[in-house]
Amino acid sequence: MKHLNTFVVVDFETTGNRPKEGDRIIQIGAVLVRDGEITERFSTLVNPRVDIPPFIEKLTGINDEMVADAPPIEDALPSLLKLLDGATFVAHNVFFDLSFLQNALHEAGYRPFTGPLLDTVELSRLLLPGQEGYRLSDLSVGLDIMHDRPHQADSDAEATARILLHLLGKLESMPLVTLQQLQRVSRPFHSDVQTLLSDIEQQKIRQGAYEPAVDLEVVHQICLKKRKTVEKNSGRSLEETMDFDDFVDALFGERGMLKEHMPGFELRPAQVTMMKQVYDSFDSGRHLMIEAGTGTGKSLAYLIPAVFWAKQQEETVVISTHTIQLQEQMYSRDLPILQAIFSNDAPRISVLKGRNNYLCLRKFSHSLQEEHDNYDVQLSKSQMLVWLTETETGDMEELSLPSGGQIYWKQVQSDAGSCLNRQCPWFSRCYYHQARRKAQQAEVIVTNHSLLFTDMGAEHRIIPSYKYAVIDEAHHFDDVASRHLGDSISSYQLEGMLHRLHPDRGVGLLEEVEEAVRGWSEASYEESKHAIETAYQQIREGKETVREMYTLLYQWSHQRAKEGEEIGHTVMRYKQENLRDRWGRAVVSAVRNSVDLLLAIGKKLEAIYANIHGDDVPLGMKSLVTDLNGMVKDCLEYASLLHDMLLTEDEDHVYWIELDTRSTRKNIFLHRVPIDVSSLLREQFFDKKESVILTSATLSVNSSFAYATERFGLADLLREDSVDTAVLASPFNYKKQTLVCIPSEIPNIKGATERHFIEALIDSLSQVAVTTKGRMLVLFTSYAMLRNVYEPLKERLKEADITVLGHGMDGTSRSKLTKQFRSLPACVLLGTSSFWEGVDIPGEDLSCLAIVRLPFVPPNHPLVEARNQQLEEQKKNPFMQLSVPQAVIRFKQGFGRLVRTSTDRGIVLIYDRRVIDARYGRVFLKSLPETNVLIQPTGQLLSEISDWLA
Ligand code: SF4
């Protein structure tokens, strides 16, 4: 076996991606790394003897003139080959550079390179499992490595060499046991990582470095980061008589604590008001709905009184955010401030997420024994082994798994059905149980809306009991409630379960159970043998039947489905009456067959389970038995869900099918959601709490909370004056910071064809984009329209050197597109639904926001349609009571993307004339903060826009 201690890090700039089809090297950068140091560098331009395409010239800055006098590749190769002699060939995405090297060697009459290879993408994925991205630029930023001339071979090779040195250093510090485990799972890796691991292992053994570092420990042959022993504080020691107003005054005074602990702290009167209102609501046991405009600083405005209240009253306060990312953000951004404020008595704050976010160590250690050829699965296992030496939480959010790793995660995530609890050999180290224990001791628990409702469904066994809560981003609260108080099931879930039980190839749970029972007790095996044989047969049949059912469901719904809110998703509402025609009857019959088979499989597995569980089962087998029991529950639950969703109907629910048309797997999701959750929210949540604070930047419509209180089931309480409401204006000066422009030549949606509208839109957008030099975000309500605008707008802005990025056209990740938008000097970003909120681009990078259409939820979305029908039956006006307020709230969210700080300044373009022409349209403008509004043709607006931004 070769030892890897000399590395040549290579980067080629080329005329394209295909060496075999004539693409050539135009620059070589090479860096020699020996014994942990950079010892030599080589770089040269290369004359490719073909023209350099314009986009490569733009990317690399290398043109035909620059390479005209450079050596051809056959003259440059000897220097490179001299360096490569006996060394490992390393590159970032090594097989790309290797393909060019081999081609050049072949054409110049040399033998191919046969030495070892290392790919720094693969190695960084393994050793930096929490990194956000693995492009050279991402890694350079993440590791603080200077990389000032990207796409220049010498600079790229230098940066890659420094990344390699970092990775080698990390490998050397890796505990021996982890190195050994990594070798076992890295067999399918593409480059010679396994050899490198073996080298470093041998080196450690030679040095006698058997023990892991002091902050690590080996548990059941896996190396984990040791738990920090948390210093216990007394907690809850605030004097009961201490006045909250005095406390706040001390915080905000001239020599107050906030000034001391927050650099750049500014006094915001609305923030102080909100703190006092939150505290007063807790104190008086009343619910409060509070709209706090952008820039109020609402997180601290509820966290400070929440901690104060929890400490003083010895109560637990739950804070719920909309997403896990917001939970994280709050924890990392605000916790240090709270710790500083309550420095004498550090607050006990814990973050609690849904159980599936935590790694189950028992399942993971079991899965390490399984041989797998799948690259993504083995890479994920390796990443997790490294991650376990770093994580204190076991929370998957810290991991950047490859795409196939998400499926593997489902196999090793913690879940209630397969948990051994106290009997688990990993119990004392279990991440989920540790998070729950921390939550039980916490004064403030930060969670998310989903978990809040999952907890309700689980009879409050997840979140420790609490009477006080703050719901942030409350405008999403009822939608999340709908999802959680309803049911859904995907084809992937059902097929995945059957696959895990008994895959077409390889070993599944049932095979493992059979093997374990056979080895444990002959008598039990004889007793279970028949049931196991029958179960195999039934599962094979079940897979076939379920596949048939999904194929029929897909075909049946595909023609009838309409475009959904998300890209590549179509939806179709259905009722039992739609299943009465010939096709529908075929679907029903396939569903019946599937339900019957799932019930039969569930019962058979239950019988096997009954034979093999008990106190005398050996410990090693207990986990398999528990997993089997989890499968029994899943199987019976899926049977019951399919039955309830497709064979029966409850008039308080709406049913729909969603098709993921993007994926080749043709995923199908079935949903059953209560049409109105307001009474459930009132009975199951608000009536059981002493005081709940609902807050958001967008809760009111035209200064009224009527819509929000209806949705949350609080309308009666509002009428009885038992709920408080407050609107706190944003501290930003929108009159000075924002100019709203309505291009008057744009046709009204009602009076024009879509083509006519789009032409006018592109015309106006392109003129404004040239004036604003890009820096523009365009918000669409439909992906189809975005697609129609994308290409023509791109063409129009090419001349002006303005890049156009489209959601779904240049990628689907919002954060990646936003990053790209910010990094380009002049760019227009076209976004759909997810861009209306959560996008945060402060400063001049975003100077113009265009709202193409008022964000009405399409009335044909099943849930909206069902809610509209329900309102009609109650003789109410669904458009004014539901559609308009819903759209206004979303419109306000969209508008809020522009001004993010007190110094931001920009333009908001509204292309939907209904805001001025329709009677209801004025509600939209009235719901915005006070601003200047101009209604003029685009041609005239341009000079105003230019002056405004000057
Ligand atoms: S206690 Fe439960 S969740 Fe935790 S490691 Fe054991 S089986 Fe997994």
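We number each residue from 1, following the sequence as shown. Atoms within each ligand, like the ligands themselves, are counted from 1 in listed order.
- Within the cation-pi definition used here (under 6.0 Å to the ring centroid, within 45° of the axis), R483 does not qualify as a partner of F669.
- Applying the salt bridge (charged side-chain N to carboxylate O under 4.0 Å, His left out) definition to pairs two or more places apart or across chains, none involves residues 451-466.
- E514 and R518 are joined by a salt bridge, as a carboxylate oxygen and a charged side-chain nitrogen come within less than 4.0 angstrom of each other.
- Taking every non-hydrogen atom of L361 and a distance limit under 4.0 Å, the qualifying atoms of ligand 1 come out as 5 (S).
- Judged by the 6.0 Å and 45° rule, K689 forms a cation-pi pair with Y466.
- Between F685 and L680, the closest side-chain pair of non-hydrogen atoms is not below 4.5 Å.
- Ring planes of F427 and H433: tilted class, angle from 30 to 60°.
- For atom 2 (Fe) of ligand 1, the tally of protein N/O/S atoms lying closer than 2.8 Å stands at 1.
- Contact between R422 and ligand 1 is absent, with no heavy atom of the residue lying under 4.0 Å from the ligand.
- Side-chain atoms of K204 do not come within 3.5 Å of backbone N or O of P175 as any donor-acceptor pair.
- Under 4.0 angstrom from ligand 1, there are no non-hydrogen atoms of Q434.
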